[in-house]
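Step one of this worksheet: look at the structure below.
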There are 2 protein chains.
Amino acid sequence: MHEMDSRPSPPQDFDGLKVLILERKGQLPKRLAQVAAYALDNPDEIAFGTAASIAASADVQPSTLVRFAQHFGFEGFSSLQQIFRARLRERTPGYDERLRALSGNDHSRLESGSIFNGFVAAGHRSLDNIAGSVAPESFERAVDILAGAETVYLLAKRRSYPITAYMAYAFGKLKVRYQLAGTAAGIDDDLLAMAGPRDAAFAVSFSPYASESVDQARLLASRKVPVVSLTDSAFSPLAESSKVWFELVEADHAGFRSLSASMAFAMALTVAIAEKRRRMGVEG
Amino acid sequence: MHEMDSRPSPPQDFDGLKVLILERKGQLPKRLAQVAAYALDNPDEIAFGTAASIAASADVQPSTLVRFAQHFGFEGFSSLQQIFRARLRERTPGYDERLRALSGNDHSRLESGSIFNGFVAAGHRSLDNIAGSVAPESFERAVDILAGAETVYLLAKRRSYPITAYMAYAFGKLKVRYQLAGTAAGIDDDLLAMAGPRDAAFAVSFSPYASESVDQARLLASRKVPVVSLTDSAFSPLAESSKVWFELVEADHAGFRSLSASMAFAMALTVAIAEKRRRMGVEG
DNA sequence: TTATCTATGGAATTTATGTTGCATTGAAAT
DNA sequence: ATTTCAATGCAACATAAATTCCATAGATAA
């Protein structure tokens with residue numbers, strides 16, 4: 001009586017579902033086994049298709065898909081589909097082990113732990129993003145421009161400021177001449193007035209855009225100072241003024257973004273510039 | 001009559017769509033531009049979400065999404081969504097592909113490429129490190145201490161300064177009272193003189209240790225101000241003055257360290273503090 | 001200012017999608 | 001052979017989603 005055992009505990013991630021399917025594969029009815037095989041072989045189809053299209057493709061009835069889902073503890077096909085979609089979203093393939101380690105580690109017990117884990121995971125994702133989104137040629141061009149400059153002007157405000165602050169520190173150590181704008185209000189204009197075509201600027205601005213940085217970049221560009229910029233959107237007003245620009249979207253946790261990937265990028269750029277200068281200095 | 005020119009030729013892949021959007025971004029009406037920006041910034045959401053959920057997230061009407069799609073030659077929103085889904089299908093941002101992308105990608109052909117790859121890889125390693133080395137209980141205690149403070153004093157110099165600078169920005173947004181030391185030399189002492197037992201401090205110092213930060217932390221500790229600190233060595237002189245301290249070793253590339261993991265940690269701490277405060281405020 | 005056309009928000013409409021119910025089939029047990 | 005129960009296919013149903021329509025607000029030109 002009362003078939004309540006039908007929904008014990010649905011798996012919450014793809015891997016969990018996978019092992020569960022493999023465990024029960026032998027005991028599954030014919031059509032359900034058919035679906036199981038199809039699901040593991042074509043996970044992407046399950047993620048994107050509709051119940052009807054998937055059913056046709058797997059040569060079963062749509063209702064079979066629902067029964068399959070319910071058989072594994074889900075409320076219906078839709079809930080099962082979420083697992084397959086989440087798998088594509090979180091795809092930090094190769095880092096999935098680390099992420100599982102994260103969600104299963106001691107942190108998640110405590111309230112603040114999930115926040116901590118969230119930012120670590122977001123950091124990984126961000127780094128994956130830039131690895132794919134930064135074009136090598138652009139990076140090389142940016143290095144060329146900045147390494148060729150007499151003085152590198154660093155432009156950033158608000159959220160972006162820590163990035164240039166760090167670059168400033170590193171430039172200092174690496175003996176690269178620079179000027180950091182934005183330290184004290186008011187003197188920026190005088191500072192930037194000294195920039196000429198033989199210099200170059202690196203500007204960072206994330207939305208919401210600090211208009212000052214954008215204006216300053218525009219000003220420099222109008223005076224033939226080559227500008228390299230880093231932003232989080234192809235729509236950034238910075239892009240217009242820039243010879244080379246990079247789009248770098250930091251993954252967020254609960255809407256908050258850290259600067260993990262930006263810092264890696266900034267450091268790579270900084271060191272690459274110094275390295276190029278060293279070689280130029282030696283070679284000629 | 002007969003508006004048939006409305007559907008000339010919809011882009012057939014994501015990249016085609018992207019360049020088309022960027023070309024016309026200037027001439028787009030307000031809401032359509034809003035959708036354009038959202039679409040390029042959150043492609044995954046478009047791929048998986050429903051028109052209603054996406055519209056809510058982008059703060060437009062569902063009908064605007066349809067108009068946006070039609071504006072770019074698609075029959076409706078659904079057709080446009082296919083492009084975003086296809087992008088995820090094809091882009092098997094697969095595990096091996098990622099690793100190959102890093103070790104053998106286009107970057108490594110170019111001189112600067114290996115530097116770029118190196119810092120991305122170092123970032124990943126750093127994040128792995130903190131995931132394992134930060135004890136959940138310690139993190140929780142640190143959050144407790146800092147969330148309970150009236151004013152949070154942020155202490156950092158040199159290489160560590162960008163971290164507290166970023167925290168300062170975030171605290172400002174989150175309405176947490178703070179004081180950032182080290183902005184202008186000389187006034188620090190006056191600033192810190194105001195700190196009392198009901199406040200708290202967060203100090204960051206990596207080797208080589210900036211003696212000022214260490215001294216300031218010691219000073220505050222002697223005046224019963226609880227100190228939480230972040231360092232890269234268990235032997236850091238900061239540890240002595242701290243109620244809770246974290247050891248966080250950033251992986252390096254060719255001897256240079258970026259701040260990827262530190263930034264993730266700082267942001268996690270910042271948000272956790274704000275979250276805890278919000279809850280304390282609500283509960284009593 | 002007025003007229004005209006575009007852009008926009010919100011509701012109505014229509015499409016299609018997931019789910020459930022029911023009759024039938026097939027297999028196992030008596 | 002007969003009974004019983006699970007499994008399956010098919011069609012009706014209910015729901016949710018995309019799309020279209022219309023009234024209004026905003027911009028542009030006369």
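Letters A, B, ... mirror the listed sequences (proteins, then strands); counts begin at 1.
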Return the CZ to NE2 distance between A/Arg24 and A/His71, rounded to the nearest 0.5 Å. 4.5 Å
Would you compute the distance between atom CZ of A/Phe246 and atom OG of A/Ser262 and round it to the nearest 0.5 angstrom? 12.5 Å
With respect to the phosphate group of C/dT8, does any side-chain polar atom (N or O) of B/Gln34 fall under 4.0 Å of OP1 or OP2? no
Which nucleotide in the set D/dT8, C/dG9, D/dT19 lies at the smallest distance from any side-chain heavy atom of A/Arg31? D/dT8
Over how many whole Å does the gap from A/Phe74 atom CZ to C/dT19 atom C1' extend? 17 Å
Side chain of A/Lys30 only, heavy atoms from C-beta on: which candidate in D/dT8, D/dT20, C/dT20 is closest? D/dT8
Can you tell me how the ring of A/Phe202 sits relative to the ring of A/Phe265, calling it parallel under 30°, perpendicular over 60° and tilted otherwise? parallel
Side chain of B/Arg67: nearest nucleotide among D/dC21, C/dT19, D/dA18? D/dC21
Which part of the nucleic acid does B/Ser63 contact within heavy-atom distance under 4.0 Å: base, sugar-phosphate only, or nothing? base
If I take atom CG in residue A/Leu65 and atom C1' in nucleotide C/dT17, what distance separates them, rounded to the nearest angstrom? 12 Å
Counting heavy atoms from C-beta on, name the nucleotide in C/dT19, D/dT8, C/dT8 closest to the side chain of A/Phe77. C/dT19
Round to the nearest Å and state the distance from A/Phe68 atom CZ to C/dT19 atom C1'. 17 Å
Are a donor atom and an acceptor atom from the side chains of A/Arg31 and A/Gln34 found within less than 3.5 Å of each other? yes
A/Phe48 atom CZ is separated from C/dT17 atom C1', nearest whole Å, by 18 Å
Measure CD1/A/Ile54 against C1'/C/dT17 and give the value in whole Å, please. 12 Å
Rounded to whole Å, how long is the line connecting atom CD of A/Gln70 with atom P of C/dG21? 10 Å
Name the closest nucleotide to the A/Val66 side chain, picking from D/dA18, D/dT8, C/dT20. C/dT20
CG of B/Leu28 versus P of C/dT6: gap in Å, rounded? 16 Å
Presence of B/Gln61 side-chain N/O under 4.0 Å of C/dT8 phosphate oxygens OP1/OP2: no
Can you tell me how far CD1 of A/Ile54 sits from OG1 of A/Thr64, rounded to the nearest 0.5 angstrom? 12.5 Å
Atom-pair distance (CD on A/Gln81; C1' on D/dA16), nearest Å: 14 Å
